[in-house]
Student: 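Got a structure here, written out as structure tokens. Questions coming.
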Amino acid sequence: MKKIILILLFSLILFAKSDSCKLDVYFGNGVWNSSEQAEESMEELKAFMQMNNTMRFLKVDDGTTYEFLSAHNAPHGYIDDMIETYWQLKESGQISQGYFTNMTATLNKTDGSISTYTQRINNIISMYNLDISTMIKSYREDSLNLKHNVLLVAHSQGNLFGNQMYALLTAEEKDRFKMVSVATPANNVTGNYSLDAPYTTIVADYTIALIKNSFPGNASGFGHTFVDSYLNSHITPTRVKINSDIINAVSILDKNICKKEYDYYRFISYICPTHQDQNLVVDIYGTYRSNTTNTIQGEEYIASDVRVRAFEYPVQTISSTTGSKGSGSIITPNPTGYCPLTSDDLRTHVSKYDKNGCAAYTFADTSLEYCSSQARVSGACDVDYNMYELDYVSTNTYSSVFTCSTYNMDSNVLNTLLQSSKYH
Amino acid sequence: MKSIIKSILVLFLVVFTSGCMEVIEIEGKTEIRTNESHNYKAVIVSTEYDSMDSYSWKVISDYKDYNLTSKTTSEVTFNAKSAGDYTLEVIAKKNRKSFKATIEIEVKEPEIVNGYILPPEPDEALNNSTLLGIDSNDNGVRDDVERWIFLEMEIYNGYEKIEQVIAMQKAKGYQMALIDSTNKDDKVHKATKASNECWTWYVHSKKIGGNSNRMKFGRDMRDRVFDTKERLKTYWQYDATLGGRVFRSTPTLQTKTQCEIDIDGL
């Protein structure tokens, strides 16, 4: 049965592996664009990048090393979209509350469909918050949680959503997120306020020129539309600038794209003298190699998992384990239901992992402890080694003869590990 | 003698007047295409009668390759294989009285463009009086849009047949948006996305790039299909169902599968 699971897991991990070095290119559309228009723009962006960066964006690699997506910023009506834009600018500090109030009050007067100004603004803010939370959820589910790098090419109001979303990302997610701005009404690109930021705005883009404190125009040309005015503009410098920004962003993302493939994982849990609750905190670290020298380059924290220690540890009689794991011992559950740790459980104290006054111990170690690098190369690693590792990472249930615990891994953490495993 | 002449005049007037008073009429199209079947109905227009005892239909024409079904009922179906003039006649009887009506039908050869049989030009007012308009050949594309695609639409990249085929696919998707603006099971979006990606296959396979024709094509199509306030409003209702969603582009080399018709040979 274990072997069947093993085979299934290998298949799963192989599939995951092909996905792990991927760049997801998003197009973030501006105001007053239907989904259809946004998807048309995305297809044109793809064609543009395939044509101008042929080695990185080979058509045959489309869907494997890179993929294009569009997160639809749906229109809410002409005036409401304008008010929403000013709200975003105010929120980012680009315009003052007074300026926002004046502009939106003027816009509100032009359309008497909603009786009170306050009600209208509140409705728009609600819609905006919903849009942001929907978008960030989508980016995470479709890309970031899968350890894909993300390049957002945003047009017009899409930039305001991009900036706001970036601010809400975790530090680790920010490392894998880059944005290239086109016709941006903002005064920054993901917090970069320098005029060297990756943005292109046509000097005669009168939609953007009207936005207070927005980045100044830095490319010749005329108009505001993404494809007609910018991407397929007859003015070469506009296209060159956009392409250059894209290449730079992709280059930075590509540098760390494969770092996240780990040789092995170290699972650290803690014994805290002040309390012995049943929460099992597991910090997971991954060790990675240099892409060029293939030597161990370092270890980094990947994820944490908090689980309740199992009371119902099954009574097992295990005289010994096989393979290179060494001998085990018979585990007898404590009659009180509490599963105490003994010195046998503490395989190694690794002080560098200690935290908050709690002593760290290797909950399990899938490192070379069980299979030396030479053995790995020579094929001397027996099935048990792999099974041990895979059991731990993938079966959702871990039972060790050494540690008195049953560990059901959180499915999101499990997914993270499957995506980043180097050997499988 | 005078009285005899007077009587004859009265009789003549009575006969003449009754001949002018129509009792039945035939309802149906006066201009149809060859091999198209159309229904014709005898309708009582006189208030003196509310029913007839029998009907008898016939076709008067130089051409004999036509079909007329149900010749003894109030409604018949007619189609002709040859283009030309046809007269459809019905004689209805009531209490030993006979009433005759005819209709002239001009049968024309169908309009064929690039091997494609076009539907007839719909009546504009009638077509625009409903959200879905008229789709006489029931192919999922409104007749006026279909005719526009084959007779008037700009050819953007030079491949007329391919662009017309993709336009038909796109128009079907847009018509689906009018039929179901709730986008149930995402069917409408899948259809519109497929037509957009079929264009991707088109420009890839023909090595066309670096222009904005896809955008122009899309704009022109939407302007044509969503050409009334109600239709445009319904389209935006459909679009609102897609807010916040993430759409994944089909890999370039697989976009061929998105074309309803294999465009490579066109």
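Source: prediction; values computed, not measured. By convention in this document, chain letters (A, B, ...) are assigned in the order of the sequence lines, proteins followed by strands, and residues within each chain are numbered from 1.
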Student: With chain A as the partner, which of B:T241, B:T192, B:V203 has the greatest number of non-hydrogen pairs under 4.5 Å?
Tutor: B:T192
Student: Looking only at side-chain N and O atoms, does B:S249 offer a donor or acceptor that is under 3.5 Å from a partner on A:E43?
Tutor: yes
Student: Highest number of heavy-atom pairs under 4.5 Å with chain B: which of A:K46, A:E141, A:M42?
Tutor: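 Ranked by contacts with chain B, first place is A:K46.
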Student: Do you know which of A:L69, A:T134, A:I132 has the most heavy-atom pairs with chain B at a distance under 4.5 angstrom?
Tutor: A:L69
Student: If we only count heavy atoms from C-beta on, is the B:M215 to A:S41 side-chain gap below 4.5 Å?
Tutor: yes
Student: How many angstroms lie between NZ in A:K59 and OG1 in B:T200, if you round to the nearest 0.5 Å?
Tutor: 9.5 Å
Student: Check A:D62 against B:T250 and note the closest heavy-atom contact, atom names and distance.
Tutor: OD2-O, 4.1 Å
Student: Can you say whether B:T255 sits under 4.5 Å from chain A via the side chain, the backbone, both, or neither, judging by heavy atoms?
Tutor: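 When you check distances to chain A, no heavy atom of B:T255 falls under 4.5 Å.
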Student: Measuring from atom CD of A:Q50 to atom OG1 of B:T252, what distance do you get when rounded to the nearest 0.5 angstrom?
Tutor: 4.0 Å
Student: Quiz question: by atom type and distance under 3.5 Å, do the side chains of A:E39 and B:H189 form a donor-acceptor pair?
Tutor: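 Yes, a side-chain donor-acceptor pair sits under 3.5 Å.
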Student: Tell me, for B:R248 versus chain A, whether the close heavy atoms (under 4.5 Å) come from the side chain, the backbone, both or neither.
Tutor: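 Interface part for B:R248: both.
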Student: Measure A:F68 against the heavy atoms of chain B and call it side chain, backbone, both or neither at under 4.5 Å.
Tutor: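 Answer is both: backbone and side chain atoms of A:F68 are under 4.5 Å from chain B.
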Student: With rounding to the nearest 0.5 angstrom, report the CZ to CD distance, B:R214 to A:E44.
Tutor: 4.5 Å
Student: Mind checking which of residues 120-136 of chain B sit less than 4.5 Å from chain A, heavy atom to heavy atom?
Tutor: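 Those residues of residues 120-136 of chain B which would need a heavy atom under 4.5 Å from chain A do not exist here.
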Student: For atom NZ of A:K178, decide whether the heavy atoms of other residues, nucleotides or ligands shown that lie under 6.0 angstrom number more than 12.
Tutor: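 Result for NZ/A:K178: open.
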Student: Of all heavy-atom pairs between A:Y26 and B:V246, which one has the smallest distance, and what is that distance?
Tutor: CE2-CG1, 4.0 Å
Student: Ignoring hydrogens, what is the shortest heavy-atom contact between A:G63 and B:P251? Give both atom names and the distance.
Tutor: CA-CG, 3.8 Å
Student: By salt bridge (Lys or Arg N to Asp or Glu O under 4.0 Å), which residues pair with B:R219, not counting sequence neighbours?
Tutor: A:D228
Student: Go through the atoms of A:Q37 and report whether side chain, backbone, both or neither lie under 4.5 Å from a heavy atom of chain B.
Tutor: both
Student: State which residues pass salt bridge (Lys or Arg N to Asp or Glu O under 4.0 Å) with B:K256; sequence neighbours excluded, sorted by chain then number.
Tutor: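 For B:K256 the salt bridge (Lys or Arg N to Asp or Glu O under 4.0 Å) partners, ignoring immediate neighbours, are B:D262, B:D264.
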Student: Would you call A:E40-B:R222 a salt bridge at under 4.0 Å N-O?
Tutor: yes
Student: Does B:K161 NZ have over 12 foreign heavy atoms under 6.0 Å away?
Tutor: no
Student: Select one option (side chain, backbone, both, neither) describing which atoms of A:F161 are under 4.5 Å from chain B's heavy atoms.
Tutor: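 Answer is neither: A:F161 stays 4.5 Å or more from chain B.
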Student: Restricting to side chain to side chain donor-acceptor pair (under 3.5 Å), what partner residues turn up for B:Y235, sequence neighbours left out?
Tutor: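 Result, side chain to side chain donor-acceptor pair (under 3.5 Å) vs B:Y235: A:S34.
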Student: Using non-hydrogen atoms and a 4.5 Å limit, figure out which bit of A:K137 sits close to chain B: side chain, backbone, both or neither.
Tutor: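 For A:K137, neither part sits under 4.5 Å from chain B.
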Student: Should we say atom NZ of B:K206 is surrounded by more than 12 heavy atoms from elsewhere, each under 6.0 Å from it?
Tutor: yes
Student: Counting only non-hydrogen atoms closer than 4.5 Å, does A:S133 touch chain B with its backbone (N, CA, C, O), its side chain (CB onward), both, or neither?
Tutor: neither
Student: Atom CD1 of residue position B:I117 - does it have more than 12 heavy atoms of other residues, nucleotides or ligands inside 6.0 Å?
Tutor: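 No, because the 6.0 Å sphere around CD1 of B:I117 holds 12 heavy atoms or fewer from other groups.
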